[in-house]
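Take a look at the structure set out below.
Here is the naming used below: chain letters follow the sequence lines, and residue numbers restart at 1 for every chain. As the structure is a computational prediction, the values presented were derived from the model and not from experiment.
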Number of protein chains: 2
Amino acid sequence: MPGSTQTPQAAKTAQAIERVDTRFLETLLGYNARRATLVIVEHFMRRMAPYDLRIVDFSVLSLIAHNPGVTSRQLCSTLGVLPPNLVAIIDLLEKRELIERQPHPSDRRANGLHLSPDGEVLLRQAEETATVLEDEAAARLSAAERKTLMRLLQKIYR
Amino acid sequence: MPGSTQTPQAAKTAQAIERVDTRFLETLLGYNARRATLVIVEHFMRRMAPYDLRIVDFSVLSLIAHNPGVTSRQLCSTLGVLPPNLVAIIDLLEKRELIERQPHPSDRRANGLHLSPDGEVLLRQAEETATVLEDEAAARLSAAERKTLMRLLQKIYR
DNA sequence: TATTGTTATACTCTATAACTATA
DNA sequence: TATAGTTATAGAGTATAACAATA
């Protein structure tokens, strides 16, 4: 333990810090939001490891499932991923045969993205896991508190 | 606009997506927390640019200010930064003469970190800016809502 | 002329192994 | 034997420039 050998009365100059005072940072919304996000992300990564899905992979699969035919460009602007960085993500999911690129009905530059049958199955399980995992991460919050929290967060980013 | 030339009645197969449906992702706490954090971080980076401080630099300076004599190791565990990655951060702040490494009173392996007079001045301004910037980022929230939001976020990570 | 998807590439952030001085 | 600080380095994530095909 740092400073655990310090005598309590040696407190004026050059004393060792027993416990770090984080009170100022904790008055900042950004600090609290980042810390909470890290906790949730940790839960997410652990629970999604069996599906070999990162957060971005899960988000992409989920958006394709709920928006069949969506384009890469639309995914980019929705998720805040830059186009060059989405290419590898899409390539990998297609190589795993979870999604398919299909010709876009009205724009020959673009691809419409669709889930494969395997992708449907995997995503259904992953979305279920995501819901369970969130209950875990927010275990100390009541249902009403969770609802309030989501509403307030949305007020910030919408 | 993607799909803006689509006729509304061509809706059954291979239709183009007009607007991406994010309703499922928005039921997830992790998604909302990440999106809100990104908004706040954006505000932060823009407002802290004049001080040439990243979030981690600001956090380190603030913790040193409120915990004079704190060690690198303590900063690492408080902020979730790995020791090798903190070295360059501390080096840079010391090169800018914002902080000083001083001998630790009871452990010759460690350094006690302290703000220089210049560091004190800069941090005072930066902390003030951080408070203002948060009011900006959370402009759509009342004071009571902000308080609630912080409390709920802390319930997740504490 | 602008946009979609893509390649190449650079930069930043995060993670791991191993070393030294000291506890 | 363990820990604080450090170096070197690898890997993941994020960014910009430029190109072909199409709008």
Original post:
Between Asp135(B) and Arg146(B), does at least one N-O distance fall below 4.0 Å, as a salt bridge requires?
Top reply: yes
Between [options], which nucleotide gets closest to the side-chain atoms of [X]?
X: Arg109(A); options: dT22(C), dT16(D), dT22(D); result: dT22(D)
X: Leu82(B); options: dG5(D), dT16(C), dT6(C); result: dT16(C)
X: Asp91(A); options: dT16(C), dT7(C), dG5(D); result: dT7(C)
X: Arg101(A); options: dG5(D), dG5(C), dT6(C); result: dT6(C)

Check the distance between [N]'s [atom2] and [X]'s [atom1] and give it to me in whole angstrom.
X: Ile90(A); N: dG5(C); atom1: CD1; atom2: P; answer: 9 Å
X: Leu75(A); N: dT4(C); atom1: CG; atom2: C1'; answer: 13 Å
X: Arg73(B); N: dA23(C); atom1: CZ; atom2: P; answer: 15 Å
X: Met45(B); N: dC13(C); atom1: CE; atom2: C1'; answer: 13 Å
X: His104(A); N: dT3(C); atom1: NE2; atom2: P; answer: 16 Å
X: Glu94(B); N: dT6(D); atom1: CD; atom2: P; answer: 9 Å
X: Leu86(A); N: dT3(C); atom1: CG; atom2: C1'; answer: 16 Å
X: Glu42(A); N: dT14(C); atom1: CD; atom2: C1'; answer: 14 Å

Original post:
Relative to the 5' end of DNA chain D, which residue comes earlier, Gly80(A) or Val70(B), by the nucleotide with the nearest heavy atom?
Top reply: Val70(B)
Could you check whether [Y] and [X], counting side-chain N and O atoms only, form a donor-acceptor pair closer than 3.5 Å?
X: His114(B); Y: Glu120(B); value: no
X: Tyr51(B); Y: Thr129(B); value: yes
X: Gln154(B); Y: Asn32(A); value: yes

**OP:** Describe, in one word, how the ring planes of Tyr31(A) and Tyr157(B) are oriented to each other, choosing from parallel (under 30°), tilted (30 to 60°) and perpendicular (over 60°).
**Re:** perpendicular
**OP:** Would you kindly compare Arg54(B) and Asp107(B) by the position of their nearest DNA chain C nucleotide and give the one closer to the 5′ end?
**Re:** Arg54(B)
Original post:
Does Asn85(B) make a side-chain donor-acceptor contact with the base of dA15(C), cut-off 3.5 Å?
Top reply: yes
**OP:** Describe the nucleic acid contact of Arg108(B) in one word from base, sugar-phosphate, nothing, applying a heavy-atom distance below 4.0 Å.
**Re:** sugar-phosphate
